[in-house]
Number of protein chains: 2
Amino acid sequence: MPHLLLKDLPRYECLLECSKHFPGLDPSACEAFLYLLRAGDEAFRVIDAHFQAHDLSQGRFTVLMLLFEKPSGQPHALTPAQLAEQSGVTRATMTGLVDTLERDGMVTRRPDPVDRRQLSVELTPRGLEFLQSLLPEHFRRISALLSPLDENERRTFVALLGKVAACASETFPAPVHGAPAHT
Amino acid sequence: MPHLLLKDLPRYECLLECSKHFPGLDPSACEAFLYLLRAGDEAFRVIDAHFQAHDLSQGRFTVLMLLFEKPSGQPHALTPAQLAEQSGVTRATMTGLVDTLERDGMVTRRPDPVDRRQLSVELTPRGLEFLQSLLPEHFRRISALLSPLDENERRTFVALLGKVAACASETFPAPVHGAPAHT
DNA sequence: ACCTAATGATTAGGCCCCTAACAAAAGCAA
DNA sequence: TTGCTTTTGTTAGGGGCCTAATCATTAGGT
């Protein structure tokens with residue numbers, strides 16, 4: 001589900017032209033911004049096409065990965081609230097994601113004997129098997145996407161992306177999904 | 001509407017650890033991939049927050065921009081099919097976008113006297129005024145987002161993003177929205 | 001104990017985007 | 001002209017994500 005975006009990015013000369021009409025328009029910033037959005041979109045599209053072929057969405061994949069046993073070894077059981085917090089969606093959305101994953105037999109909900117409000121979401125053997133069958137192609141696509149960049153360029157790339165992302169979350173902080181904590 | 005994504009990106013050491021369990025996992029590629037998605041998400045979020053404050057979506061904004069008179073001077077009138085093609089959504093989606101834009105008085109549909117299948121979509125004076133009142137803050141946010149990068153870094157940034165995007169669309173071509181042209 | 005506040009999960013309703021199917025109009029072949 | 005085929009815009013239905021409201025359970029203050 002790519003963000004709606006211009007099919008053909010405007011040329012830099014066009015942006016220069018536009019900047020004459022809009023004093024606030026920074027041509028090189030706009031160009032970098034558009035390239036960032038388009039590259040992110042393209043990368044997302046490539047990964048999502050693979051997911052869709054297996055009736056998976058980005059959201060469902062993230063949930064499965066969170067429940068996937070870490071290298072440490074022990075399997076993961078998380079509550080819907082924890083899953084929502086760690087994957088950056090609302091609890092309401094997580095309800096829907098777990099609904100479909102449970103319907104497809106990938107995860108199970110279990111009531112918590114201690115706190116009867118909570119549930120415990122776990123990966124089923126079928127979910128584990130599914131994920132493991134999916135990951136090789138997933139990683140292959142990621143490797144292919146980044147193949148035009150050598151190790152040095154990748155370091156530079158990560159550094160630049162990190163700067164922009166940090167600036168975004170500092171200058172325009174994201175609203176907190178849970179309680180606003182208005183202190 | 002950010003893509004669902006891990007709140008905290010895994011550390012590079014963790015990716016190295018994971019690569020032992022998955023031979024296909026390329027740690028530096030995964031890191032760059034995750035940074036790209038997150039930076040794209042953050043940038044999108046910053047821009048979208050501004051849009052939402054004015055009851056605008058990325059899709060509706062793109063349509064308004066396509067209808068906005070270019071520096072050349074003459075106003076733009078496009079058919080829904082042209083709008084869909086240039087903004088990368090389906091015609092069905094464009095119908096909905098133009099529906100809401102017309103309801104809000106931003107654009108008008110006019111029948112084409114020559115080809116009675118076609119419509120002509122134009123910006124209304126109100127739509128033009130609205131767009132012009134919106135753009136300064138829009139450009140301000142883009143400038144702010146890219147402010148941590150100097151001109152030199154921006155050129156590098158654009159070059160690296162361009163490489164990745166080009167690789168994505170070549171290695172995994174996007175399906176054509178219109179006729180598949182199965183030759 | 002009692003009343004209130006906070007927390008967990010869910011439901012209801014909305015927006016954005018998609019695919020598939022459709023009717024109307026235009027183009028084209030025989 | 002009559003019959004395909006293509007193109008245009010639309011509708012119908014679905015999925016993903018959101019916010020706001022709801023209900024049950026737990027925790028805290030008195």
Side-chain angles (χ1 to χ4, degrees), chain A residues 1-5 41 44-45 48-49 51-52 54-63 78-85 87-104 109-121 174-182, chain B residues 1-5 41 44-45 48-49 51-52 54-63 78-85 87-104 109-121 174-182:
Chain A
M1 181 194 308
H3 302 135
L4 194 150
L5 196 59
D41 247 23
F44 180 77
R45 180 184 60 74
D48 204 57
F51 286 168
Q52 282 189 21
H54 298 270
D55 271 321
L56 211 58
S57 70
Q58 177 70 233
R60 297 230 290 280
F61 176 75
T62 302
V63 172
L78 297 172
T79 69
Q82 290 172 323
L83 286 171
E85 203 279 331
S87 54
V89 297
T90 61
R91 292 200 300 275
T93 297
M94 190 51 62
T95 295
L97 289 175
V98 175
D99 275 350
T100 68
L101 284 171
E102 190 170 37
R103 166 181 51 97
D104 295 346
R109 281 182 171 98
R110 279 192 324 166
D112 185 315
V114 179
D115 189 334
R116 281 189 297 178
R117 290 171 302 182
Q118 292 190 159
L119 295 178
S120 178
V121 182
V176 180
H177 259 152
H182 55 81
Chain B
M1 180 193 308
H3 302 135
L4 192 150
L5 197 58
D41 248 22
F44 180 77
R45 180 185 60 73
D48 204 57
F51 286 168
Q52 282 189 21
H54 297 272
D55 270 321
L56 210 58
S57 71
Q58 177 69 234
R60 296 229 292 278
F61 176 76
T62 302
V63 171
L78 297 171
T79 69
Q82 289 172 326
L83 286 171
E85 203 279 332
S87 55
V89 297
T90 61
R91 292 199 307 272
T93 298
M94 190 50 63
T95 296
L97 289 175
V98 175
D99 275 350
T100 67
L101 284 171
E102 190 170 38
R103 167 181 49 98
D104 295 345
R109 281 181 170 99
R110 279 192 323 166
D112 184 316
V114 180
D115 188 335
R116 282 190 295 177
R117 291 171 303 181
Q118 291 189 158
L119 295 177
S120 179
V121 182
V176 180
H177 260 155
H182 56 81

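All heavy atoms count here, side chains included; hydrogens, waters and symmetry mates do not. Here is how names work: the chains are called A, B, and so on, in the same order as the sequence lines, proteins then strands, and each is numbered from 1. Here the structure is a predicted model, which is why all the values come from computation and not from measurement.
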Handout entry: Between P of dC15(C) and CG of Leu101(B), the distance in whole Å
Key = 13 Å
Completion exercise
Quick note, Val89(A) side chain, CB onward, closest among dA9(C), dT10(C), dC18(D) is dC18(D)
Handout entry: Integer-rounded Å distance: dT8(D) C1' and Met94(B) CE
Key = 14 Å
Practice task
Starting from P on dC17(D), measure out to CZ on Phe61(A) and report it in whole angstrom.
Solution key: 14 Å
Practice task
Can you sort out the partners of Asp115(A) under salt bridge (Lys or Arg N to Asp or Glu O under 4.0 Å), two or more places apart, ordered by chain and number?
Solution key: Arg117(A)
Exercise for the section: Compare side-chain N and O positions of Thr93(B) against OP1 and OP2 of dC16(C) and report whether any pair is under 4.0 Å apart. Expected result: no
Exercise for the section: Round to the nearest Å and state the distance from Asp99(B) atom CG to dC17(C) atom C1'. Expected result: 14 Å
Problem - Sugar-phosphate, base or nothing in reach of Ser57(A), heavy atoms under 4.0 Å - result: sugar-phosphate
Problem - All side-chain hydrogen bond (donor to acceptor under 3.5 Å, both in side chains) counterparts of Arg116(B), not counting sequence neighbours - result: none
Completion exercise
From CG of Asp48(A) across to C1' of dT19(C) the rounded distance in Å is 15 Å
Handout entry: Euclidean distance, atom CG of residue Asp112(B) to atom P of dA25(C) [Å, nearest integer]
Key = 13 Å
Handout entry: Asp104(B) and Asp55(B): CA distance, side-chain angles, deciding distance, side chain to side chain contact (heavy atoms under 4.5 Å, CB included) verdict
Key = CA-CA 10 Å; Asp104(B) 295 345; Asp55(B) 270 321; 5.7 Å; no
Practice task
Check whether any side-chain heavy atom of Thr79(A) sits under 4.5 Å from a side-chain heavy atom of Arg91(A), and report yes or no.
Solution key: no
Problem - Heavy-atom check, side chain of Pro80(A) versus side chain of Thr95(A), under 4.5 Å - result: no
Practice task
Could you tell me whether Arg110(B) atom CZ has more than 12 heavy atoms of other residues or ligands within 6.0 Å of it?
Solution key: no
Exercise for the section: Can you figure out which of dC18(D), dT10(D), dA9(C) approaches the side chain of Arg91(B) most closely? Expected result: dT10(D)
Exercise for the section: Starting at atom CZ of Phe44(B), determine the distance to atom P of dC16(C), rounded to an integer number of angstrom. Expected result: 11 Å
Problem - Inter-residue atom distance Glu102(A).CD - Leu119(A).CG, 0.5 Å rounding - result: 9.0 Å
Handout entry: Phosphate OP1/OP2 of dT10(C) contacted by Thr95(A) side-chain N/O (<4.0 Å)
Key = yes
Practice task
Find which nucleotide of DNA chain C each of Ala92(B) and Arg103(B) is nearest to by heavy atoms, and output the residue with the more 5' nucleotide.
Solution key: Arg103(B)
Problem - Positions of residues 113-120 of chain A (non-hydrogen atom under 4.0 Å from DNA chain C), listed by number - result: Arg117(A), Gln118(A), Leu119(A)
Fill in the blank from the handout: Rounded to whole Å, the CG-P distance (Asp41(A) to dC18(C)) equals 11 Å
